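Accompanying notes for the structure given below.
The structure displayed is predicted, hence computed values, not measured ones. Residue numbers begin at 1 in each chain, while the letters A, B, ... track the order of the sequences. Side-chain atoms are counted along with the backbone in the values below, which use heavy atoms only and exclude waters and symmetry mates.
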Amino acid sequence: MKSYIFKSVIFGVIALMLWSCKKDETRVVVADNVTAPVLEATYDNLVLTEDKQTEDALQLTWEKANYGYAAAVSYSIEIAKKDSSFARVASADMGSDNERIFTVGDLNSLISQLNVKGFEENELEIRIKADIGGGVAPVYSNVIPVTVTPYEDKPPYQTLYLVGDATPGGWDNGKASPVYRDPADAFVFTYTGYFNAGSFKFIAKPGAWTPMWGITDGKVAFRATEADPDPGSFSIPAAGYYTVSLSLKNNTFTMQPYDAGGKTVYESIGIIGAFNGWGSTEAMTHYANDPHNWTITHTFTEPTTEFKFRIAADWSANWGAFDKPTQTNPYGTGKSGGENYIIPAGTYLIIFNDMTFEYVFVKQ
Amino acid sequence: QTGSISGTVTDNKSITLPGVSVSIDGTNIGTATDVNGAFRLNGITSGTHTITAKYIGYGNVSRQVTVTAGQTANIALVMESQAQALNEVVVIGYGTQQRKDVSGSIATVNSRDFQKAVVSSPEQLIAGKVAGVSVISNGGQPGAGSQIRIRGGASLSATNNPLIVIDGVPLSDNGISGAANPLSLINPNDIETFSILKDASAAAIYGSRASNGVVLITTKKGQSGAPKINFNSQVGVSKVSKKVDVFSASEFRDFVNEHGTPEQIALLSDSETDWQDVIYQTAITTDNNINVSGGIGKNFPYRVSVGYLNQDGVLKTDNLKRTSASVNLSPKFFDNHLKVNLNLKGAINKSRFANQGAIGAAVSMNPTFPIYSDNDEFGGYYEITKQGNLETLAPRNPLGLLELRNDNSTVKRSIGNLQLDYSFHFLPDLHANLNLGYDYSSGEGKIFVPDYAAQGYNRITVDGVVHNGTNNQYSQKQQNRVGEFYLSYNKDVKSIESRFDAVAGYSYQIFRNEDAPNGSQNYGFPDLTADNVVVQSRLFPNNVFQNVLISYYGRLNYTFKNRYTLTATVRTDGSSRFAEENRWATFPSGAFAWNAKEESFLQDVDAFSILKLRVGYGITGQQEGIGLYDYRSFYNLSNNAAQYQMGDAYYNMYRPGGYYQNRKWEQTATTNVAVDWGFFNDRLTGTIEYYYKKTKDLLNEVAQPAGTNFRNQIVANIGSMENKGVELTVNSQPVKNKDFTWDLGVNFTYNTNKITQLTIAPDPNYVGARFGNISGGTGNSVLINSVNNPRGAFYVYQQVYNSEGKPLDGVFVDRNGDGIVNDNDLYRYKSIDPKAFFGLSTSVAYKKWTAGLVLRGSIGNYLYNNVFSNTATLRNIFNPVGGYLNNASTNLLETGFSGAGDTYFSSDYYVQNASFLRIDNINVGYNFGKIFNSGANLRLYGNVQNAYVFTKYKGLDPEVNSGIDNNFYPRPRTFVLGLNLDF
Amino acid sequence: SCTKDLNQSPQNDITADQVYSTPLGYTQAMAKIYGSLALSGNEGPAGNNDLQGVPDEGNYAGFLRTFWYLQELPTDEALIAWGDAGLQDFKNMNWSSSNPAIVGQYYRLMYEVTLANDFIRQSADDKVSSRGISGADAEKIRQFRSEARFLRAFAYWALMDLFGNPPFVTENDVLGASLPRQISRAELFTYVESELKAIEGELVDARANEYGRADKGAAWALLARLYLNAKVYTGTERYADAMVYASKVIDAGYTLHDNYRELLLADNNQQARNEFIFTINYDGLNTKGFGGMTFFTHASYGDPMPPANDLGVDSKWSGIRTAPELTNLFPDDGRTNYDDFPENFTDNTSAVDKRAQFWFQGMNPAIPALTTFTDGIGVLKYRNLNSDGSKGKDLGHSDADFPVFRLAEMYLIYAEAAVRTNTNIGTAVGYINLLRQRAYGNASGNVTSIDANFILQERARELYWEGVRRTDLIRYERFTSSNYLWAWKGGVKSGRETQSFRTLYPLPSADLTVNPNLKQNPGY
Ligand SMILES: [Ca+2]
Ligand SMILES: [Ca+2]
């Protein structure tokens, strides 16, 4: 009996030690097969227009993903061009939400990241990405295709350039001539000047053939990259002054003859301002057969510089900004006299039309 | 008409017993046996006398002797060793008692049962020895203290430390500047017994300070007879047994090359430095003690001892030198009516404290850097610079931290008491006892860091000149005094089979602490640079803290028919810490013991040698660990670095202090039920005890309604908590014969702790009080005290793993299902305190050989691995401050955690099971017996301390008192060789 | 017996009666009410914390640092890289009622109220005279008393702005006698307004008090700020009153310091004091802490910025930086590189708008991660350097003072109120152009017309990182709404709309537990 009791004591100690090592922690493990979110979309039409920015456009709802435990899942909406395999996406992080109502404005600004074409139909795809972080691969919902017509609020170009045998620089795209812009509509590019009989196109980057705008089958055609077909040219039936105008919003082109008769032809026009102590003008040049469109490239070094256009002789003819609020605008229609332009430091290509008082400062 | 009695006293193995008290019943005639176990009593009136021999650890033996005038009667007395038996004399509060009359829960550990080890602090002698008592050292520093917890502790914010009483002098709970631990000034070799009062019945006589138990330490006394000399010398060799697992230089290089940027890769160097090897050393300890005890004449026993300990730390530059001396005189006067007991103990500790910042720096310092630079800057230690300046946020050179900081202290402590016990001639059963005691200590220290040391870089700029280094000092004086007077009356009334033992007394204690620190307070010594430029001056030279405790107490012990014992105690305490209306409190207790073995129906049942039931209930109090004065508002003047500018002048700011007028005593009600049992003539004995402790009016730091006090949290009596537990103690002697004995003792404690209330009214929305700050980020904490949970639960996020078992960085369970993970998803997971702990001590003796083993273990305790969480991230290696790389725990290879944000700190992944089994001590000894024909007895022994730890815990050591394992000073493994000479 | 020994008192700390027995004692108690806005406790730089239970004193217990966290971190102006408890919650807008910075700010402000209440009680005329203080000393204490009321009004304003409906105690409530009641935001508005108007006449004239102490100008400035935001606080606009009080300050003789970049340097108490209306004062030797200016001048630096010593500090904490939403408000050449600051960081010739003090070099403005210091744009607005380029007194702790109110804000308040009421536009444009002329160094940045949106932008340009942004965005209804998204708003990179209840912070759960009179703000 004695040894029985002593053995019991020793056994008890060993049992305690085993107890002390028993596994008592349970671990939460991410499921091998995560149930992906299921997406539904509700909308009437997805023709987005600027005037309806605040109206609802698209409602997305999704069922939450199931990771096999109470997970804090971060959802994001991903939109990509059709058949792009979501290689490039516009995304909106939704945190733990499972619904998003896009207004027209929200949706437009989101998909604008995809370089969609404004004012025409784009085939897009939407899906939901579910992510818990920690290096766990995200899971994706079903894909819903949509067709969206977005708007743009301004074109991504400081100005366009004319190239072609009708223009001063001919077909040399390194000598393309810059055009003016309509201060009332940022999408409208316009030019009033002397054209030869012949043809021309618009390009966006001097020295490059794309982006390019021409005309095909009577409609304005856009060539985004070299891979796109080359559109036809606009034609000038007879030499003379014309106003040509291209709207990138409506994809419309207009051409009007312009009556330059009676317009004063100035000997020399230049820029004058704080950079040269308001002393004498720095001369601009005009095209050989067009004495009304003046250009200069100038570097301003001060943080801001005030200047005006003026004839070389004196202040009898000078031009400036239309009013104080437009003093700092980089393009517009000025007036005789007018306010000083205010321009930040930098190198600019400056063009000025002494008939229409249009001007553009293109930062180089 | 008189004759003599002479004789010898031996044990049952015919070994003579010196120092046995031999007396003639009904007289004051008595003596003690000499070194050969012989005694002689002269001048005995002829007739028949009963002579009784008494010796601690042995049953009393009485024999009748007939003395004939002019003759000497010879007798031989044989005493039976009864180490576990009920006749053992037990030290209790204000007196002693025979074990059989004890009704409360009192555990005793005698010197022969102490851990056989070189320890610098006495409490470590009883680690693992007593059920319900956990003693966990604070780390491997020489002289480090320990956390002592009796039955889980009864408090939350207030202290959970037990009251410690040495030879009748209750110690204050304060530390002393310059000593890692005030108990390290007590030489463990001078201690005879520890008596641990665990339940209220035993402890309530100490009233207001007894909630967390009482440890009574009794030092060794003189034995009358010829002088006996004992010399003990031991030498220990300590080594770190485990280092933090960090990247080696080559692993680190590979990792950085694989994951770093070119700029980060460029921060690697070519050396191979194991910084932990650099800071740790093989440390030598020597400990020499000599003591002499004997008697001058018949009635004047004395004991004198001197000790010298010289202990190096395993962390370089750590050293403790203790010189100690003690004197005990216990003469008797006036026919033994006046017994005097004088104890004087003194010690001087001289310490050099290593800069423990080196431990963390050695983990973090880039292992591809060399130890020394090839120039004189920073004393020649390689330091991390950026753009020509020291990078102050980078780790300092760990060896430079150690060797360029001279942090020395000298601490003196003396504890003494004079106890006068007078039994009245007209009524010898009535004793008057006067005890006057003191505990004085003084500590002073100096800290010097030279001006070229990186750790003292850029301390102040005066007139464009930068001053570096430190030349600081501090001092502290503690003067605690106690005066006690009690009357005791002890009467055996045979006619009614009753024994009475009554005590009534008064006690006055004053604790005075005069502190002149080198801190940031507004008092103390100025903060100086190495060249004595004042970084910060102080307003006051020092501060004096003083508190007083006045008590009245009484105890009545009544035993009927030798088997029914009733004990009642009461104590009334008044403390200067409380407002007048709450100052006084009364703490009663009562207990009943039934010694069933004495019942006629069991007396002849041989299976049981002991069977005793004990039941007790009592209320104890607690007032330590709280402010001394803040029942009133006192205005504190800010220090000189916290002045405010108005106009062109700077003003020190007067701040009204928070106060809590209604603060009162914390109270713990303890119920104790126990059975003591013994079998086989006490070869197998034990105790099983159940206790239930409920603390109410917890002295707990709780929120104050904003706008109602000058503190937003203050210690108030709010909350309650309970501890329940079972303790099991088994002692046995499985083998016992002439040549071979085997002793085995096991103790086991199961304790559960639950907080039952933390707010005035129950509030389900109250999550609890968070604490347990960790390193990493700032202000991240991982522990919580909350209702219906154990104290010190971890409050963490639930980690999510992938199917391979790898924790996913920053992925946690959204426990409340609101889709995000934030504070509201934290949950209570495990806790610091073990569910159970146990100790096993065993020893064998074969002829002249002895061997022993002590195991200690704990179950269900968890630790937060802050070394992992703070260092095992990419962000730690490639820290965002830039310009240097930190080394990391190799746990990074398991988790790959980035270290971004603050949530990963709170992952339950870092809460690890720290259950363990530790082989605390293995010892072997050989007794050569008499040598040199001189009567000198030689014993040689060797032992291994902290031999091995079995644990699943992944960090350095599973025993960390705070529950948060960060830069822990490793407990070394120590090999000791010793010799013991008696002559 | 010796039971009288149970009465014990501390040696160095003294009772209220002892403190308030001398004029110096009153001054030192008043210093605490001011100093409680600067420091976290009674020991510099840390220790003896005024607050309990905040997990780190330097981070969470001081007024200015946590105020800044609450006002700037959730907005477009600031990001923080650290893993300190709760700090990432602000940008994520998912803070809880136990967020330590929120808890710290709340208790700090209530502590300020409690300190002020105590002083106001102790400085009542009868108390002062009963202590035998009279004459000029008594008059000074009377001024202190008004200043204590101002500081209490300021604390209540901040509580109203951040927490809406805090507990309410005044000097008439006996300390600890009863649980404070909760006051509604609108009612508290009325209280703060009435207090400021009540002391308006008692305070020292504007610019006539000792430096660092509140005067009439401070009260007017707080009233102007109060009225500007009245619609948020009460539902009723008070823009006309805002103009009245902004004008009182403007007309009191304050002047803009000519160099914007010297406003927040170490010697700003000398250089810029004519612009400062009310300041929180720091000093590298005498007023040390880890909140406030020490925080700004360390946490906003990291690699790849210049060496710490060149910035006047001992280390770079690599914590806070800003986002393009702020830097884009400046002309795009307002970028700062080390080469632009060859001498002493006081000038940057290439920046058009000198208020732009940003560090772009080596930083990633795309902000791929919140917790990486180099993701974002550095801000060098706060520096522990003197205007002559020399370093502050102590590299560990900044000397610079924090302007709670400065003249520029009054101009902006006036202009915004003018625009919103369409009155005195000309004067308003003139005030704005004073700021822009200082910023540009000449008239080139002047404007001719202003609208509300422009003012919000101008406030960011002028006052960024000065602790007003959250209040501004709420007033413009852009804080939680989808009207305005910024990088990482709501914790997602592209920003998102967040819960509208987050325009108010929650009351700490700890106070709700002990004060059943309090109801949590909705949503929490
Ligand atoms: Ca949650
Ligand atoms: Ca200052």
Against chain B, work out which of [options] has the most heavy-atom pairs shorter than 4.5 Å and name it.
{"options": "C/Gly284, C/Gly392, C/Gly53, C/Ala308", "value": "C/Gly53"}
{"options": "C/Met30, C/Gln8, C/Lys288", "value": "C/Gln8"}
{"options": "C/Asn94, C/Val169, C/Asn48, C/Asn59", "value": "C/Asn48"}
{"options": "C/Thr372, C/Asn515, C/Leu175", "value": "C/Leu175"}

Contacting moiety of [X], where chain C heavy atoms sit under 4.5 Å:
{"X": "B/Asn773", "value": "side chain"}
{"X": "B/Tyr523", "value": "side chain"}
{"X": "B/Phe905", "value": "side chain"}
{"X": "B/Tyr631", "value": "side chain"}
{"X": "B/Val821", "value": "backbone"}
{"X": "B/Ser575", "value": "backbone"}
{"X": "B/Gln661", "value": "neither"}
{"X": "B/Phe710", "value": "both"}
{"X": "B/Arg459", "value": "backbone"}
{"X": "B/Asn542", "value": "both"}
{"X": "B/Ile760", "value": "neither"}
{"X": "B/Tyr659", "value": "side chain"}

What distance do [X] atom [atom1] and [Y] atom [atom2] have between them, rounded to the nearest 0.5 Å?
{"X": "C/Thr114", "Y": "B/Asn709", "atom1": "OG1", "atom2": "CG", "result": "8.5 Å"}
{"X": "C/Arg213", "Y": "B/Gln645", "atom1": "CZ", "atom2": "CD", "result": "12.5 Å"}
{"X": "C/Leu39", "Y": "B/Met653", "atom1": "CG", "atom2": "CE", "result": "5.0 Å"}
{"X": "C/Gln28", "Y": "B/Tyr635", "atom1": "CD", "atom2": "OH", "result": "12.5 Å"}
{"X": "C/Leu24", "Y": "B/Tyr651", "atom1": "CG", "atom2": "OH", "result": "7.5 Å"}

Between [Y] and [X], is there a side-chain donor-acceptor contact under 3.5 Å, judged purely by atom types and distance?
{"X": "C/Asp84", "Y": "B/Thr778", "answer": "yes"}
{"X": "C/Asn7", "Y": "B/Arg583", "answer": "yes"}
{"X": "C/Ser96", "Y": "B/Asn822", "answer": "no"}
{"X": "C/Thr287", "Y": "B/Gln643", "answer": "no"}
{"X": "C/Asn42", "Y": "B/Asn636", "answer": "yes"}
{"X": "C/Ser98", "Y": "B/Asp823", "answer": "yes"}
{"X": "B/Tyr508", "Y": "C/Asp5", "answer": "yes"}

Full working for side chain to side chain contact (heavy atoms under 4.5 Å, CB included) between B/Ile550 and C/Leu6:
CA-CA 8 Å; B/Ile550 294 175; C/Leu6 294 176; 4.0 Å; yes

State plainly whether the residues B/Arg711 and C/Asp50 are in salt-bridge range, i.e. N to O under 4.0 Å.
no

Which class fits the ring pair B/Tyr644 and C/Tyr34: parallel under 30°, tilted 30 to 60°, perpendicular over 60°?
parallel

For residues C/Asn286 and B/Asn640, determine if any side-chain heavy atom of one lies less than 4.5 Å from a side-chain heavy atom of the other.
no

For C/Asp283 and B/Tyr650: C-alpha separation, side-chain torsions, deciding distance, then whether side chain to side chain contact (heavy atoms under 4.5 Å, CB included) applies.
CA-CA 10 Å; C/Asp283 186 80; B/Tyr650 292 90; 2.8 Å; yes

Decide if the gap between the ring center of B/Tyr654 and the ring center of C/Tyr26 is smaller than 6.0 angstrom.
no

